[in-house]
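Okay, structure first, notes after.
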Amino acid sequence: MADPAVLAVAEHRRGELRDVSFELLTAGRELADAIGGELHVAVISGDVEAHADALNREGVDAIHTVPVGEEFDHTVYQGAVEELVDAHDPATVLFPNSVNGLDYAPAVAESLGVPLVTDAIDVAYDDELTVTREQYGSKVETTLAVEGDRYALTVRGGEWPAADGTGDAVVESFTVDVDPADSGARVQGYEEVGGGDVDIADADVLVSVGRGIEEEDNLELIFDLAEAMDATVSSSRPIVDNGWLPKNRQVGQSGKVVTPDVYLAIGISGAVQHVAGMKGAETIIAINTDPNAPIFDIADYGIVGDLFDVVPELIDDFE
Amino acid sequence: MKVLVTVKEVAEVGDDFAIEGTDIAEGDLEYDLNEWDDYAIEAGVQLAEAGVADEVVALTIGPERSEETIRMALAKGADRAVRVWDDAIEDAFLDVETKVGLLEAIVDEEEPDLVLSGVQAADDAFGATGVALADRIGFEHAAVVNDLDLDADAGVANVRRELEGGVEELTEVDMPAVLTVQTGLNEPRYASLRGIRQAQRKEIATRDLADIGLSPADVDGALTVTEMYEPESESDAEIIEGDAGEAAGRLTEVLREKGVDA
Ligand SMILES: Cc1cc2nc3c(=O)[nH]c(=O)nc-3n(C[C@H](O)[C@H](O)[C@H](O)COP(=O)(O)OP(=O)(O)OC[C@H]3O[C@@H](n4cnc5c(N)ncnc54)[C@H](O)[C@@H]3O)c2cc1C
């Protein structure tokens, strides 16, 4: 087995590999080709054999299974990845830019003393690694040149297609010293949140409201519109953080993923964590005062205008 | 118990902006307290009010301009603040490792028991500083915390970590720890007039590189911004023109075509 150009660390939760794990394989293969070398994958904790089977897709050269613990524990993941890096000397370690990825990748980078770039949406290598990412609420993209010969990168979900096909990777068990019993952050359990009266995931038409609404009292306007359109009200996160709507109305990464026929985004900027929950809608319509708001990049129809002018007119039209 | 809260003044881009070289034109940026840090400050102040924390210190890396923002943290109840800055920092792109080096120096001076930082800064959105800092200073950590119950006697923080898809992880974290705070953890207060007045008298200590035993070479990070540009739009959205009445009329047609309220 040759030293890998890329070591990609898969993510799973409660028995299931997460989608981003398969996307990491595509990003990893791309980068390994550019650097010139193998793509290795690490599967840590849980049913590593079954996960290794599923991850054995086209382009993967080797899979290291680390059969220790069940669920994600950052102490275990950090220790295992550091031992793997020690043993196999990859040029790049790729992590998902997920909540759990961000719970250990920065610690791994820090402890290995390698530069870290998070939330990559594109990577290239030509004698030097360059990484593209977004800044200022997705209003601009920047390209970063990374010095050094080893890097840690976290990769945004949904940016690379999932790898497919069947691979012929070597699968090897890797024994580590790290012991879950020594963890200083012990997972006690999980809880599903956001149940309640309405399931926004069932709605055909969603009228979704964001921080542009400014005040709780103004929500009445949105409910009036939803009633006139026979639609359901959903929202972006700040509306829920403020306690103006319950958690079950929140669309996005940490809320619900919705795929309605029509998603009308009112005063929502279109942050990546919001878009993660609604980009699958059939028709996306945005009303926003800011012509550069990223929501317009994924919209089918848009009105650049003040919601306080447009929404009352819409209500009139529908009534 | 001493709580250190990391606070960043973030840059926000207005509706109209121009890119100059590899950054936004200075005049098109507005500055504000990072949204996530507002929740971290509130968490620290609530610990003080509950008698769990004896002192809440706000720590920022930022130019003189950022004192206005850090005063907001003081007005909301932080006891004092430390601001790290140096001309050598001005020109550098501060990567995670570099920031951690600066923060570590102040952690060494202050010896906190708990460090609260935001999940991410709204401008760069690296989302990595808190966890990297924890590794550097030998603290435990938890990222994306949306519920915190500190058991100081037992030396643990019982937290909820907000994972994707409405799932929360319940985790017991040994202290001392760095927690990265998610929005929604609490309800950040508005600074009262009294708080604002008191903040004027609170100390903001400044530290340059020499003060904390670092040299300009220590802030010369591994990352360089080589390009900045507006992303190409992936969709060909039809922008509906006209005044509010006309635009709404056209949108109503579109919506009815799509079967809304049919
Ligand atoms: C780990 C993590 C998880 C997250 N999970 C989620 C999630 O599940 N869901 C989610 O939504 N966010 C989530 N976020 C937060 C996300 O990053 C954004 O902060 C949030 O989506 C912003 O919400 P918004 O668009 O309503 O507010 P803003 O970004 O403040 O946008 C408000 C918009 O309203 C427009 N506006 C203002 N006034 C008017 C007016 N009068 N008329 C018309 N338009 C107007 C503005 O131009 C602006 O575009 C998460 C963040 C993190 C770090």
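What you see is a predicted model, and the numbers here were worked out from it, not measured in a lab. Lettering of chains follows the sequences in order, A, B, ..., and the numbering in each one begins at 1.
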Contacting region of B/Val225 [heavy-atom separation from chain A under 4.5 Å]: both
Pairs of heavy atoms under 4.5 Å with chain B: top-ranked of A/Glu192, A/Gln273, A/Gln253, A/Arg133: A/Arg133
Closest non-hydrogen atom pair between A/Asp309 and B/Ala244, with its separation: CB-CB, 3.6 Å
Proximal component of B/Ala11, with respect to chain A [non-hydrogen, under 4.5 Å]: both
Under 4.5 Å from any heavy atom of chain B - which part of A/Val310: both
Chain A contact via B/Glu140 - side chain, backbone, both or neither, heavy atoms under 4.5 Å: side chain
Heavy-atom pairs under 4.5 Å with chain B, option from A/Pro115, A/Ala185, A/Gly184, A/Ala107 with the top count: A/Gly184
Proximal component of B/Leu133, with respect to chain A [non-hydrogen, under 4.5 Å]: neither
Most chain A-contacting option - heavy-atom pairs closer than 4.5 Å, from B/Ala125, B/Gly127, B/Ala237, B/Gly242: B/Ala237
Verdict with supporting geometry, B/Glu162 and A/Arg237, salt bridge (charged side-chain N to carboxylate O under 4.0 Å, His left out): CA-CA 13 Å; B/Glu162 183 194 77; A/Arg237 175 172 191 122; 2.9 Å; yes
Structural part of A/Thr132 lying under 4.5 Å from a heavy atom of chain B: side chain
Under 4.5 Å from a heavy atom of chain A, the part of B/Val131 involved: both
Value rounded to 0.5 Å, distance of CG in A/Asp241 from OH in B/Tyr39: 4.5 Å
Closest non-hydrogen atom pair between A/Ile303 and A/Phe296, with its separation: O-CZ, 3.7 Å
Whether A/Tyr104 and A/Phe95 hold their rings parallel, tilted or perpendicular, with breakpoints at 30° and 60°: perpendicular
Among A/Arg18, A/Arg14, A/Glu191, A/Glu71, residue most engaged with chain B (heavy-atom pairs, under 4.5 Å): A/Glu191
Within-4.5 Å side-chain heavy-atom neighbours: A/Val146 and A/Val131: yes
B/Val156 side chain near B/Asn158 side chain, heavy-atom distance below 4.5 Å: yes
Atom group of A/Val193 that falls short of 4.5 Å from chain B, counting heavy atoms: both
Residue, of A/Ala145, A/Ala228, A/Ser111, that accumulates the most heavy atom pairs under 4.5 Å with chain B: A/Ala145
Which atoms of B/Leu185 approach chain A - backbone, side chain, both or neither, heavy atom under 4.5 Å: neither
Chain A interface, residue from B/Ile24, B/Val96, B/Asn186, B/Thr180 that has the most non-hydrogen pairs under 4.5 Å: B/Ile24
Which portion of A/Ile284 sits near chain B, non-hydrogen atoms under 4.5 angstrom: neither
B/Val100 versus chain A, the contacting section by heavy-atom distance below 4.5 Å: side chain
Heavy-atom contact with chain B under 4.5 Å, split by part of A/Ile287: side chain
Which atom of A/Leu314 lies closest to which atom of B/Ala248, heavy atoms considered: CD2-O, 3.6 Å
Which portion of B/Val119 sits near chain A, non-hydrogen atoms under 4.5 angstrom: neither
Worked verdict on B/Arg161 versus A/Asn100 for side chain to side chain donor-acceptor pair (under 3.5 Å): CA-CA 9 Å; B/Arg161 295 183 53 237; A/Asn100 280 345; 2.9 Å; yes
B/Ala247 versus chain A, the contacting section by heavy-atom distance below 4.5 Å: both
Between A/Gly189, A/Ser183, A/Gly255, the one whose heavy-atom pairs under 4.5 Å with chain B are most numerous: A/Gly189
B/Gln120, part contacting chain A, at a heavy-atom distance under 4.5 Å: side chain
Name of the residue among B/Ile19, B/Leu29, B/Asp28, B/Asp123 meeting side chain to side chain contact (heavy atoms under 4.5 Å, CB included) with B/Val13: B/Leu29
Between B/Ile240, B/Thr183, B/Thr226, B/Ile239, the one whose heavy-atom pairs under 4.5 Å with chain A are most numerous: B/Thr183
When A/Asp230, A/Asp317, A/Thr130 are compared by non-hydrogen pairs under 4.5 Å with chain B, the top option: A/Asp317
Residue pair B/Asp23, A/Tyr136: steps toward the side chain to side chain donor-acceptor pair (under 3.5 Å) verdict: CA-CA 10 Å; B/Asp23 212 338; A/Tyr136 299 122; 3.1 Å; yes
Side chain / backbone / both / neither for A/Leu116 at chain B, heavy atoms under 4.5 Å: both
Engaged part of A/Val117 at the chain B interface, taking heavy atoms whose separation is under 4.5 Å: both
Polar side chain donor-acceptor pair, B/Glu9 to B/Thr69, under 3.5 angstrom: yes
Option that, when pairs with chain A are counted at under 4.5 Å, heavy atom only, ranks first among B/His141, B/Lys258, B/Glu187, B/Glu230: B/His141
pair B/Leu223-B/Phe126: side-chain heavy atoms closer than 4.5 Å: yes
Largest heavy-atom contact set with chain A, pairs under 4.5 Å, which of B/Val254, B/Asp236, B/Val173, B/Thr224: B/Thr224
Proximal component of A/Lys139, with respect to chain B [non-hydrogen, under 4.5 Å]: both
Option in B/Glu232, B/Met175, B/Glu172 with maximal non-hydrogen atom pairs under 4.5 Å from chain A: B/Glu172
Separation of B/Asp147 CG from B/Thr171 OG1 (nearest 0.5 Å): 11.5 Å
Which portion of B/Asn146 sits near chain A, non-hydrogen atoms under 4.5 angstrom: neither
Structural part of B/Asp95 lying under 4.5 Å from a heavy atom of chain A: neither
A/Thr283 versus chain B, the contacting section by heavy-atom distance below 4.5 Å: side chain
Whether B/Glu246 side chain and B/Asp243 backbone form a donor-acceptor pair below 3.5 Å: yes
B/Arg250 to A/Tyr301 six-membered ring, cation-pi geometry met (6.0 Å, 45°): no
A/Lys247 (side chain) donor-acceptor with A/Val240 (main chain) under 3.5 angstrom: no
Side chain, backbone, both or neither of A/Gln78 within contact of chain B (heavy atoms, under 4.5 Å): side chain
Which atoms of A/Thr75 approach chain B - backbone, side chain, both or neither, heavy atom under 4.5 Å: side chain
Expected output: side-chain B/Glu30 to main-chain B/Gly14 donor-acceptor under 3.5 Å: no
Rounded distance (nearest 0.5 Å) linking atom CE of A/Met229 with atom CZ of A/Phe318: 5.0 Å
B/Glu42/B/Arg189 ion pair, N-O < 4.0 Å: yes
